[in-house]
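Side chains are part of it too, since the values below use all heavy atoms of this structure and drop only hydrogens, waters and symmetry mates. Heads up: numbering here begins at 1 and tracks the sequence.
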Amino acid sequence: MMKLLYLLAIFFIKYHAGYHFCGLEINGVPLAGINPKIGWIFAPYICTLYQPQNRFKIPLKYSYYKNKIEYYGAISIGTPPVQMNVQFDTGSSSLWVHSTRCDSPACPSTQNRTRYDHRSSETYQKYEKEDESSTLWYGSGSVNGFWSRDTISINGYKVNNQRFLEPTDMSEQIANRAYDGIMGLNYKRERDSINIISKYCEQLGVNDTVFSFYLTKNNGGEIILCGTDRSKYKYQEKLKYVNEVEKSSLGISWTIPVEKVSITSDYTDKRYTEIIATSNTALVATGSSFIHGPEEHVTAIKRSIESILSTIQDPRANLHKLPNITFTIGGEDYVLTGQDYIIIDHDNVIVGLDETNTPSTSEWVLGGVFLRKYYSVFDMKNHRIGFAESIHN
């Protein structure tokens, strides 16, 4: 009986969990698993008793805002620590959180939202240039304020003297979101908020700064710090890396080349493929909900989709009839079906594509519509992004 259970366990690990139970990989090495050479299993004890993988994961909640799905997770700021929910955004580079110093009409009240008060924090420090102020621009609006420093905590691990913005004014579109701030994970300089993840990984003894995202439509998701979670993408898949991440004198942007964007349909029993764009670039942005692109290209794609939608009586049951949108990146085809890019909210059928509206020089922005289909890995050391099809698809 024990031998049978042992063989079943090995089969399960081999074909469903990439040879390890916990799923988490640090520097490509399983955190806990099976050693096939000597034939014994140690992962159950590590995973169930100590659960070390929890140190590396931040659960992500989700909310709908104007038919768009947004994701956010908890960090803490100050001493004593105040927990705040932030959006982790690879499309921007700075950290800001709601502050009691925000006094414009758009700013949320302390009754409606957690707000940081630096007067209550023992570790608060004025920024070196007290009078320095900045405006941070996003596709959905902007925040304006002054820079401060304080301790940021993730899962109990502290990063001291981290720079962040305390807003004094902001757009209503930003203020109305479910989260308390944005933590940018693009990086241009040492003081950017991606520095938090670098120092966090150093404290856990991980030298290579890698982080990855797993997003779902109806069950939130998670960000994995300092590694990847093999259990969150299909077991037969291998991560496919794009090495041509955009680099400049300012730093690194999570922008990659896109060889081709095309749309394929066989709704009329005659299969056709239309090439929409070639030789483009795309910013991989976890803070964006939709896929954004140039107006002429987005219009062409939506026209094909909506012409078929207009002939379908029950869209929920017939999403498979809609065209496929394919992004060819690094020689690989990343295909989105109607089930991937259509969002149905009550009786509203929303196509998850829109014109580019972010402060980015790239033609396309690959947001949640793309990243729910494809698990994404951001490798800072090797300047590359990896993709694999998520398990829930």
Side-chain angles (χ1 to χ4, degrees), residues 68-69 89-91 139 186 212-217 233-234 237-246 253-266 271-306 308 319-320 322-343 350-358 360-379 383-393:
K68 295 181 179 181
I69 305 174
D89 177 26
T90 56
N186 220 329
S212 47
F213 281 82
Y214 169 70
L215 306 177
T216 72
K217 247 184 185 179
Y233 55 93
K234 294 188 175 180
E237 286 266 315
K238 289 186 178 180
L239 285 166
K240 302 176 181 70
Y241 284 97
V242 183
N243 295 305
E244 297 85 5
V245 170
E246 185 176 283
S253 169
W254 297 119
T255 298
I256 54 179
V258 177
E259 293 106 82
K260 183 173 62 178
V261 182
S262 58
I263 185 168
T264 302
S265 176
D266 55 7
R271 186 177 182 84
Y272 75 90
T273 297
E274 179 184 359
I275 297 176
I276 302 297
T278 58
S279 302
N280 286 179
T281 58
L283 172 67
V284 184
T286 56
S288 295
S289 298
F290 284 1
I291 291 174
H292 296 270
E295 180 180 4
E296 59 177 313
H297 300 328
V298 169
T299 299
I301 295 173
K302 292 180 78 170
R303 187 184 299 121
S304 296
I305 295 169
E306 289 167 355
I308 296 176
L319 292 178
H320 62 282
L322 297 178
N324 292 343
I325 304 170
T326 301
F327 288 84
T328 303
I329 303 170
E332 300 286 341
D333 287 340
Y334 295 91
V335 181
L336 301 175
T337 67
Q339 288 92 334
D340 301 320
Y341 60 74
I342 292 293
I343 299 169
I350 300 103
V351 181
L353 282 87
D354 208 345
E355 301 170 21
T356 301
N357 65 346
T358 60
S360 168
T361 57
S362 62
E363 290 94 344
W364 295 87
V365 176
L366 301 180
V369 166
F370 183 90
L371 298 173
R372 282 191 290 272
K373 177 70 174 286
Y374 295 102
Y375 182 91
S376 54
V377 179
F378 300 83
D379 186 340
H383 303 153
R384 60 182 185 171
I385 299 177
F387 298 112
E389 190 171 348
S390 293
I391 56 170
H392 62 272
N393 293 299

So which heavy atom on Val369 is nearest to which on Phe290, and how close?
-> CG2-CA, 4.0 Å
Who passes ring pair (Phe, Tyr, Trp, His ring centres under 6.0 Å) against Tyr341, sequence neighbours left out?
-> none
Please report the shortest heavy-atom distance between Ile69 and Ser289, naming the atom on each side.
-> O-OG, 2.9 Å
Under the side chain to side chain contact (heavy atoms under 4.5 Å, CB included) rule, collect the residues that match up with Glu296, sequence neighbours excluded.
-> none
By side-chain hydrogen bond (donor to acceptor under 3.5 Å, both in side chains), Ser212 pairs with (sequence neighbours left out) Tyr375
Those residues at least two apart in sequence (or on a different chain) that pass side chain to side chain contact (heavy atoms under 4.5 Å, CB included) with Ile275 are Lys260, Thr278
With sequence neighbours left out, write down each residue that passes side-chain hydrogen bond (donor to acceptor under 3.5 Å, both in side chains) with Asn243, or none if nothing qualifies.
-> none
Salt bridge (charged side-chain N to carboxylate O under 4.0 Å, His left out) against Lys217, all qualifying residues, sequence neighbours excluded = none
Residues in side chain to side chain contact (heavy atoms under 4.5 Å, CB included) with Val242, at least two apart?
-> Glu244, Ile256, Pro257, Ile329, Phe387
How about Val351 and Ile342: do any of their side-chain heavy atoms sit closer than 4.5 Å?
-> yes
Can you name the residues that form a side-chain hydrogen bond (donor to acceptor under 3.5 Å, both in side chains) with Thr264, not counting sequence neighbours?
-> Thr273
Contacts of Asp89 meeting side-chain hydrogen bond (donor to acceptor under 3.5 Å, both in side chains) (sequence neighbours excluded), chain-then-number -> Ser92
Can you tell me which residue pairs pass the side-chain hydrogen bond (donor to acceptor under 3.5 Å, both in side chains) test with a partner in residues 323-333, sequence neighbours excluded?
-> Thr328-Asp333
